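Structure record follows, encoded as structure tokens.
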Amino acid sequence: MMGCVAGSIAIDPALVARAKDALGLPDGERIGLAVSGGPDSMAMLLLAHAAIPGRFEVATVNHGLRPEAAEECQLVVAACRARDVPCEVLRVTVEDGNLQAEARHARYGALLFWAVRRGLGSIATAHHMDDQAETLLMRLNRGSGLMGLSSIRQLRLLDYANKKVRLIRPFLAFRRSELAGLLEQEGVAVAYDPSNRDERFDRVRMRKAIAAADWLDVAAIANSAGHLGDAADAVAWAAMREFKENVREEKNGFRYTGSPRSAPRQIQLFVAARIFGQMNAHPRGGQLDQLIAGLARGKGGNVGGVLVTLDGEEWVFQPEPARTST
């Protein structure tokens with residue numbers, strides 16, 4: 001579904017200045033914008049054009065999941081052409097499984113390849129403060145741990161072919177209403193994804209719940225997500241030290257030495273998850289939590305093809321033995 005509002009005046013200089021500071025572009029560097037054609041990303045395009053003209057390119061991803069997808073991509077192409085902004089349509093194939101998760105994986109993979117090919121140091125997405133608050137409350141409602149509650153991060157490093165690309169969310173300090181107001185002012189055509197109104201999705205239900213609870217402070221919730229992100233970073237830093245100091249690779253697996261049960265639970269989880277990752281194993285859901293709880297009681301377990309046993313106070317991780325038929 002497409003929509004636009006007539007009329008255009010100069011963008012508020014204060015808004016442009018905030019956008020320029022948020023984008024934080026180093027001298028001589030160009031950035032890539034991921035623009036879907038939706039209201040938020042089209043507002044990001046307008047602000048970047050006003051704040052850093054000539055220093056960015058745009059990519060729009062066609063997942064091929066809806067008949068309107070190609071038309072929405074062309075809407076982005078037209079907006080870029082009108083502003084003399086380089087724009088490329090990236091076509092991806094979404095694998096079977098969790099539709100939203102697989103689409104996200106395909107999208108970021110294509111954007112990363114595009115950024116490396118184009119020599120762009122960063123990819124910016126249009127996530128904003130309301131997205132941050134919604135994400136935190138959704139994950140609280142699911143009982144997520146600390147790493148999950150850190151929500152949308154301002155910066156992530158992506159790696160492709162030994163080249164680093166920053167994934168940034170420069171508009172986390174902007175409200176959805178600010179971006180919507182800019183679109184109304186500029187009269188730019190945008191695409192409205194019908195899934196954003198589909199209450200089968202958690203985010204849509206959470207967005208409506210927040211709107212109905214006018215006593216909730218979205219800025220404060222988003223700020224809390226930032227604090228949780230800082231806490232997650234601190235735990236990750238401490239856990240990496242624990243991993244380097246107390247995990248030893250052996251001939252057929254890994255050994256968590258010392259006294260793992262004396263470490264804080266979050267450290268145990270991080271270290272165990274890293275060991276599983278090194279063994280190319282991926283526990284599902286709460287399996288890792290259940291394993292750690294069992295180990296704390298002196299009981300090993302078999303998770304994701306990895307057998308975890310106790311040797312005194314130490315935890316030993318080995319591939320699950322091959323099953324024999326009788």
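What you see is a predicted model; the values in this text were computed from it and never measured.
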Inset, instruction - Kindly state each residue pair satisfying ring-ring contact (aromatic ring centres under 6.0 Å, His included) with at least one member in residues 48-96, sequence neighbours excluded. - result: none

Inset, instruction - Taking T257 for its side chain and N246 for its backbone only, find out whether a donor-acceptor pair lies under 3.5 Å. - result: yes

Inset, instruction - Please report the shortest heavy-atom distance between R205 and E199, naming the atom on each side. - result: NH1-O, 2.6 Å

Inset, instruction - Taking atom types as modelled, find out whether S144 and R139 have a side-chain donor-acceptor pair closer than 3.5 angstrom. - result: no

Legend entry - Lys/Arg-Asp/Glu bridge criterion (N-O < 4.0 Å) met for E102, R104: no

Inset, instruction - Grab the two heavy atoms, one from F171 and one from T125, that are nearest each other, plus how far apart they are. - result: CD1-O, 4.5 Å

Inset, instruction - Tell me whether M129 is reachable from M206 by hopping between hydrophobic residues (I, L, V, M, F, W, Y) whose side-chain heavy atoms are closer than 4.5 Å. - result: yes

Legend entry - Greater than 12 external heavy atoms within 6.0 Å of R265's CZ: yes

Inset, instruction - Check the hydrophobic clustering (I, L, V, M, F, W, Y; side-chain heavy atoms under 4.5 Å; chains of links allowed) and say if V77 and L183 are grouped together. - result: no

Legend entry - Sidechain-backbone polar pair: R83 side chain, A79 backbone, donor-acceptor under 3.5 Å: yes

Inset, instruction - Mind listing the closest non-hydrogen atom pair of I31 and S122 along with its distance? - result: CG1-O, 3.6 Å

Legend entry - Same cluster (ILVMFWY, side-chain, under 4.5 Å), I275 and L310: yes

Legend entry - Any donor-acceptor N/O pair, T60 side chain to V35 backbone, under 3.5 Å: yes

Legend entry - Heavy-atom closest contact (S151 atom, Q132 atom, distance): CB-OE1, 3.0 Å

Legend entry - Where A239 and I267 come nearest, the two heavy atoms and their spacing: N-CD1, 3.7 Å

Inset, instruction - Output the distance between atom CG (L149) and atom CE (M138), rounded to the nearest 0.5 Å. - result: 12.0 Å

Legend entry - Set of side chain to side chain contact (heavy atoms under 4.5 Å, CB included) partners for P86, sequence neighbours left out: E57

Inset, instruction - Decide whether F243 and V308 are clustered together by the hydrophobic rule: side chain heavy atoms of Ile, Leu, Val, Met, Phe, Trp, Tyr closer than 4.5 Å, transitively. - result: yes

Inset, instruction - Report yes or no: do Q268 and Y256 form a side-chain donor-acceptor pair below 3.5 Å? - result: no

Legend entry - Under 3.5 Å donor-acceptor, R156 side chain and L167 backbone: no

Inset, instruction - For the residue pair V235 and M147, establish whether any side-chain heavy-atom pair is separated by less than 4.5 Å. - result: yes

Legend entry - same_hphob_cluster(Y108, L90) at 4.5 Å side-chain heavy-atom cutoff: yes

Inset, instruction - Check L33 against L45 and note the closest heavy-atom contact, atom names and distance. - result: CD1-CA, 4.1 Å

Inset, instruction - Could you tell me whether the side chain of W315 reaches within less than 4.5 Å of the side chain of R261, counting heavy atoms only? - result: yes

Legend entry - L295 and P260, any side-chain heavy atoms less than 4.5 Å apart: no

Inset, instruction - For the pair D21 and R18, find out whether any cationic side-chain nitrogen is under 4.0 Å from an anionic carboxylate oxygen. - result: no

Inset, instruction - Check whether any side-chain N or O of E71 sits under 3.5 Å from a backbone N or O of E68 as a donor-acceptor pair, and report yes or no. - result: no

Inset, instruction - Give a yes or no on whether a salt bridge exists between D130 and R207, defined as a side-chain N under 4.0 angstrom from a carboxylate O. - result: no

Legend entry - Euclidean distance, H128 NE2 relative to D40 CG, rounded to 0.5 Å: 3.5 Å

Legend entry - Backbone of R153 reached by a side-chain donor or acceptor of R169 within 3.5 Å: yes

Inset, instruction - Would you mind checking if E314 and R255 are paired as a salt bridge, meaning a charged N to carboxylate O distance below 4.0 Å? - result: yes

Legend entry - Within-4.5 Å side-chain heavy-atom neighbours: Q278 and V247: no

Inset, instruction - Using a strict cut-off of less than 4.0 Å between a Lys/Arg side-chain nitrogen and an Asp/Glu carboxylate oxygen, indicate whether R166 and E29 qualify as a salt bridge. - result: yes

